[in-house]
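Predicted model, so just to flag it, every value in this text is computed and none were measured.
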Amino acid sequence: MDMDAALKKYLGDAARAARLEKGFSQAQVAQSAELATAVYGRIERGEMMPSLPAVQRLCRALDVDANTLLGFSSPTPPAWFTSPPPKERPAVHEFLRTARRMKPRQLRALRGVAQAMLTTNSSTSRRPTPSTQDARC
């Protein structure tokens with residue numbers, strides 16, 4: 001389960017638990033949070049991620065804080081939380097930013113160049129010749 005799906009499920013389960021603890025119906029919570037009942041039902045089932053303003057309204061309607069709905073009030077990280085992916089090297093990030101601005105034709109050309117560079121690198125021996133050492137600088 002990816003992080004978004006796990007977060008939706010966690011938030012929905014927490015909202016359901018808070019609602020049942022208070023003895024409210026889904027319709028009552030939805031009306032109080034200014035949501036359609038069907039939308040609130042989808043949130044509880046983990047099928048929909050509410051917007052931040054909707055989360056704030058849910059917190060008021062359920063009389064819980066956002067930390068409870070998101071799982072941050074427990075001493076351990078919430079079940080949906082995974083550590084962020086490792087940071088890209090700055091050069092890779094800059095390259096991707098440039099590539100995102102390219103037109104499809106330019107991207108195809110760049111891909112061809114990159115593939116040629118990889119093919120050249122894999123076909124060279126492990127001991128570089130003097131001319132390839134100069135090119136690496």
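The neighbour count for Q26 CD, taken as heavy atoms of other residues, nucleotides or ligands under 6.0 Å away, is above 12. No more than 12 heavy atoms of other residues, nucleotides or ligands lie within 6.0 Å of CZ in F95, so this atom counts as exposed by the packing criterion.
Here the closest heavy-atom approach between residue A30 and residue T37 is recorded as CB-CA, 3.7 Å. Here the closest heavy-atom approach between residue S32 and residue A61 is recorded as OG-CB, 3.4 Å. Across all non-hydrogen atoms, the minimal contact from Y40 to R16 is OH-N, 4.3 Å. Residues A18 and V64 come closest through the heavy atom pair CB-CG1, 3.9 Å. Closest approach of M49 and D4 over heavy atoms only: CE-O, 4.2 Å. Between L69 and A14, the closest heavy-atom pair is O-CB, 3.8 Å.
Applying the side chain to side chain donor-acceptor pair (under 3.5 Å) test to every pair with at least one member in residues 99-113, sequence neighbours left out, gives no pairs at all. The ring-ring contact (aromatic ring centres under 6.0 Å, His included) contacts involving residues 19-38 comprise nothing, where partners must be two or more places apart or lie in separate chains.
In this structure a side-chain-to-backbone donor-acceptor pair under 3.5 Å is missing from Q31 to Q28.
A distance of 8.5 Å separates CG of L62 from CZ of R19, quoted to the nearest 0.5 Å. Here the OG-CD distance, from S51 to Q56, works out to 8.5 Å after rounding to the nearest 0.5 Å. To the nearest 0.5 Å, atom CG of residue L58 and atom CG of residue D63 are 12.5 Å apart.
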Report task. Check the pair V92 / R89 against side chain to side chain contact (heavy atoms under 4.5 Å, CB included), numbers first and verdict last. Result -> CA-CA 5 Å; V92 172; R89 295 183 310 233; 3.6 Å; yes

message = Please evaluate residues K9 and D13 with respect to the criterion salt bridge (Lys or Arg N to Asp or Glu O under 4.0 Å), reporting the C-alpha separation (whole Å), side-chain torsions for both, the decisive distance (0.1 Å), and the verdict.
response = CA-CA 6 Å; K9 181 171 176 10; D13 290 346; 2.9 Å; yes

Might you work through the side chain to side chain contact (heavy atoms under 4.5 Å, CB included) test for L7 and L70, ending with a clear yes or no? CA-CA 8 Å; L7 172 56; L70 298 174; 4.0 Å; yes

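Between L35 and V29, every side-chain heavy-atom pair lies at or beyond the 4.5 Å cut-off.
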